[in-house]
Amino acid sequence: MKAYRILSVLSVLVIASLLLTACPQPTPQVIEVPKEVVVEKKVVETVEVVKEVPVEKIVKETVVVTPTPLPEEVFIFGRGGDSVQLDPAVVTDGESFRVTGQILEPLFQYEDGGTRPIPALATGYEASPDGREWTIFLRPGVWFHDGTPFNAEAVKLNFERQWKTDHPLHFPEQVYEYWEYMFNGFDEDCLITSIDVVDDLTLRITLREPLAPLLANLAMDMFAISSPAALEKYGPDYGTPAVGAVGTGPFKFVEWVEDDHITVEANKDYWGGPPTIDKIIWRVIPDDSARYLALKAGEIHAMEQAGIEDIRDCEADPNCYIQATGLNTAYLAFNYHIKEFQDPRVREAVFHAIDRHALKDAFYGEYGEVASTFLHPSMWGRPKLEDWTYDPDLSRQLLAEAGFPDGLKEVTNLDTGEVRPLKFYYMPVTRFYYPSPKEIGEAMAADLAKAGIVTELVLEGDWPTYLAARREGRLYGLYMLGWGGDNGDPDNFLNYFFGGLSRPGQIKEPDPREGYYANQKVAELLYQAATEPDQAKRAPLYEEVERLLHEDRARLWVMHNNTPRLFNARVTGFVVQPVGADKYERVVIKD
């Protein structure tokens, strides 16, 4: 009888385990075409075991080997304030878009490190010669996180729920601020006259007039596409902490604990390939110094909005590095329903009272640049203007000419008739254009006092409360705010704030959202610029708008900030974008 070697089941298990341990893990890749869906399965091996028995016989036994799960790769980002809402259609703040930009996607996106629109959920487009008809071709094989398909009907519903005030998903308790100003209004006022589904993957948008920044607008986070099924299911609760958001992006919503953290997880079936990290957690750490200490301690991997001393410490630390970019402007605004602010001499007195170069040195360092215009220095359509000088004596002189020889201490509220101390509202959260808002507000107030303008510093609630008060025109006094460019086009800065006309000859009404400021000529020029397809003809129109705002002493442009993001040296692959739509899906955390 021939001898057989006995191989026990235990030996097979050991060998199988060693083979699994030695097998290298594949490196995730980002691809540009729809990917196959890979479903994880248990590994089943069939092993032949030979045993010595009276009768020669081969017995087959099945061994089930379950791979040991790898530890999750979690990327933690520290920030100064919480998101307001995760429905991008109804918010305006960067902390909300920081999260929604990973969950939802627009038709187009911006190239890495720039503002040129490139395909995202769209694969391309065709425009008619007159610029009024745009045919957009959509990406096939894309699914929302809830398992419903992405198609032209989904895009149409997302746009029409913002555009049409009688749409069943256009809720009166919500504000669609971006739509109103980027597309010049709602209903018949809107420059869009129709959105038609040509077929499942083709959409046609028809305009009343050409809209020069249309593609740039369609790449903005606030026009990202949500799941119609989720919008219909949750109604006005969509985007709230209990619901989150449902899109097609590289990450899926997991949870939102207000004022603490938001968590998303990798979308393994993402059309662009699975992300290199399993989860992102955005942690709210309001204090700048505490946030930096958390980075140093390894509690977070990255952060934004650091104090100047912490930035310098990071620059000197081999375990820390900085990436900086930005397209933003910090400003100081007036509420024009304060009687005294209707006098341009009083407004100019405020301008000359504040030492912005000292603010730069104290709070921004080499990353800041004192602003002379609203448009960022890198943008076209920006004129060269002589900036306001720091001159407290001139401030006092201007106040005296305006009837305040002893300075300005009390002001008149035209809505209530009350005469009260002048309020100075500082922002309740750190933002990329104001890295230390309370301290900057205190420094501004001290400068104003030296020039005879006495203010009362006011904290107007949390970030959502502050933004609501600004939108409704209830910040009666001076108030701090700023703007981060969304698409790189001057229209996104200037028309959003000072334009918004839907047709020639329309009267520009004072807007509570902008402190009741209105300039008819400015608004008319901005409408002309938005509907002119030729950039060479648009640029001088924006230059004239900036000159008119300067002459009108409309606002004090304070600072541009090349915003630093601070990273643990183990982190690679994070893509910093000038428009704020940073990309997380290629992040790697080295051991």
Side-chain angles (χ1 to χ4, degrees), residues 75-104 106 174-175 177-178 220-224 238-241 243-245 247 249 251 253-264 280-288 290-292 294-295 300-306 325-330 426-438 440 459-471 479-486 496 561 563-566 574 576-584:
F75 178 68
I76 306 174
F77 192 99
R79 55 183 183 156
D82 204 357
S83 300
V84 173
Q85 233 259 25
L86 296 186
D87 178 358
V90 301
V91 290
T92 63
D93 68 297
E95 288 303 344
S96 294
F97 296 130
R98 189 191 298 279
V99 177
T100 65
Q102 312 311 314
I103 302 171
L104 302 119
Q174 295 181 329
V175 180
E177 194 171 307
Y178 263 105
M220 292 162 62
D221 282 332
M222 54 292 305
F223 304 126
Y238 178 75
T240 60
V243 174
F251 295 93
F253 176 79
V254 175
E255 69 170 354
W256 180 358
V257 179
E258 288 185 89
D259 296 320
D260 188 85
H261 72 274
I262 294 177
T263 302
V264 297
I280 306 169
I281 298 175
W282 289 274
R283 275 188 58 195
V284 177
I285 307 175
D287 182 77
D288 294 347
R291 197 159 57 253
Y292 182 63
L295 179 70
I300 61 176
H301 298 105
M303 61 173 283
E304 194 176 274
Q305 306 146 355
T325 188
L327 196 67
N328 58 71
T329 307
Y426 66 90
M427 289 168 40
V429 297
T430 299
R431 299 294 293 122
F432 46 85
Y433 44 78
Y434 276 131
S436 301
K438 182 175 186 291
I440 291 174
L459 176 62
E460 186 72 9
D462 60 10
W463 188 222
T465 302
Y466 189 88
L467 292 176
R470 169 256 181 181
R471 185 175 61 249
Y479 59 93
M480 296 166 59
L481 210 56
W483 185 248
D486 298 297
Y496 180 87
N561 190 23
T563 311
R565 281 82 151 180
L566 282 62
F574 189 98
V576 172
Q577 296 286 75
V579 293
D582 294 339
K583 298 181 180 180
Y584 293 67

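As the structure is a prediction and not an experimental result, all values here were calculated from the model.
Distance check, rounded to the nearest 0.5 Å: CD of Gln305 to CG of Asn561 gives 9.5 Å. The CD1 atom of Ile440 sits 13.0 Å away from the OH atom of Tyr426 when rounded to the nearest 0.5 Å. Summarising the geometry, atom CG belonging to Asp260 is positioned 8.5 Å from atom CD belonging to Glu255; distances are rounded to the nearest 0.5 Å. The CD1 atom of Ile280 sits 6.5 Å away from the OH atom of Tyr584 when rounded to the nearest 0.5 Å. Separating the CZ atom in Phe97 from the OG1 atom in Thr92 is a distance of 6.5 Å, to the nearest 0.5 Å. Taking OH of Tyr434 as the start and CE of Met480 as the end, the distance is 4.5 Å to the nearest 0.5 Å.
Taking the side chain as every heavy atom from C-beta outward, Trp256 and Ser83 approach each other to under 4.5 Å. Residues Asp462 and Pro428 fail the side-chain proximity criterion, which asks for heavy atoms closer than 4.5 Å. A heavy-atom distance below 4.5 Å is not found between the side chains of Tyr479 and Met427. You'll find the side chain of Gln85 stays beyond 4.5 Å of the side chain of Asp93, heavy atoms only. Between Val99 and Arg79 the shortest side-chain heavy-atom distance falls below 4.5 Å.
Taking each heavy atom of Val91 and Tyr178 in turn, the nearest pair found is O-CD1, 3.6 Å. Closest of all the heavy-atom pairs between Ile103 and Ala245 is CG2-O, 3.7 Å. Shortest non-hydrogen contact noted between Leu86 and Gly244 is CD1-CA, 4.2 Å. The shortest non-hydrogen separation linking Leu566 to Leu295 is CB-CD2, 3.8 Å. Met220 and Pro106 get closest at one heavy-atom pair: O-CB, 3.8 Å. Heavy atoms only, all atoms of each residue included: Leu327 and Val579 are closest at CD2-CG1, 4.2 Å.
Partner Arg283 forms a side-chain contact (heavy atoms from CB on, under 4.5 Å) with one of Ile262, Thr263, Ile76 and no other, that one being Ile76.
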| task | Report the C-alpha distance between Trp282 and Glu95 in whole Å, list the side-chain angles of each, state the deciding distance to 0.1 Å, and finish with yes or no for side chain to side chain contact (heavy atoms under 4.5 Å, CB included). | result | CA-CA 10 Å; Trp282 289 274; Glu95 288 303 344; over 6 Å; no
| Trace of the side chain to side chain contact (heavy atoms under 4.5 Å, CB included) decision for Leu481 with Arg470 | CA-CA 9 Å; Leu481 210 56; Arg470 169 256 181 181; 3.6 Å; yes
| request: Let me see the working for Glu258 and Val284 under side chain to side chain contact (heavy atoms under 4.5 Å, CB included), right down to the final yes or no. | output: CA-CA 9 Å; Glu258 288 185 89; Val284 177; over 6 Å; no
| request: Go through Ile300 and Ile285 one step at a time and tell me if the side chain to side chain contact (heavy atoms under 4.5 Å, CB included) criterion holds. | output: CA-CA 10 Å; Ile300 61 176; Ile285 307 175; 4.3 Å; yes
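Side-chain atoms of Asp582 come within 3.5 Å of backbone N or O of Gln577 as a donor-acceptor pair. Panel note: side chain Thr329, backbone Trp483; no donor-acceptor pair is recorded below 3.5 Å. The backbone N or O of Thr563 sits less than 3.5 Å from a side-chain atom of Arg565, completing a donor-acceptor pair.
Evaluation of the side-chain contact (heavy atoms from CB on, under 4.5 Å) rule for Asp288 yields Arg291, Thr430, Ser436 as partners, not counting sequence neighbours.
Relative ring orientation between Phe75 and Phe574 is described as tilted, the plane-to-plane angle lying within the 30° to 60° band.
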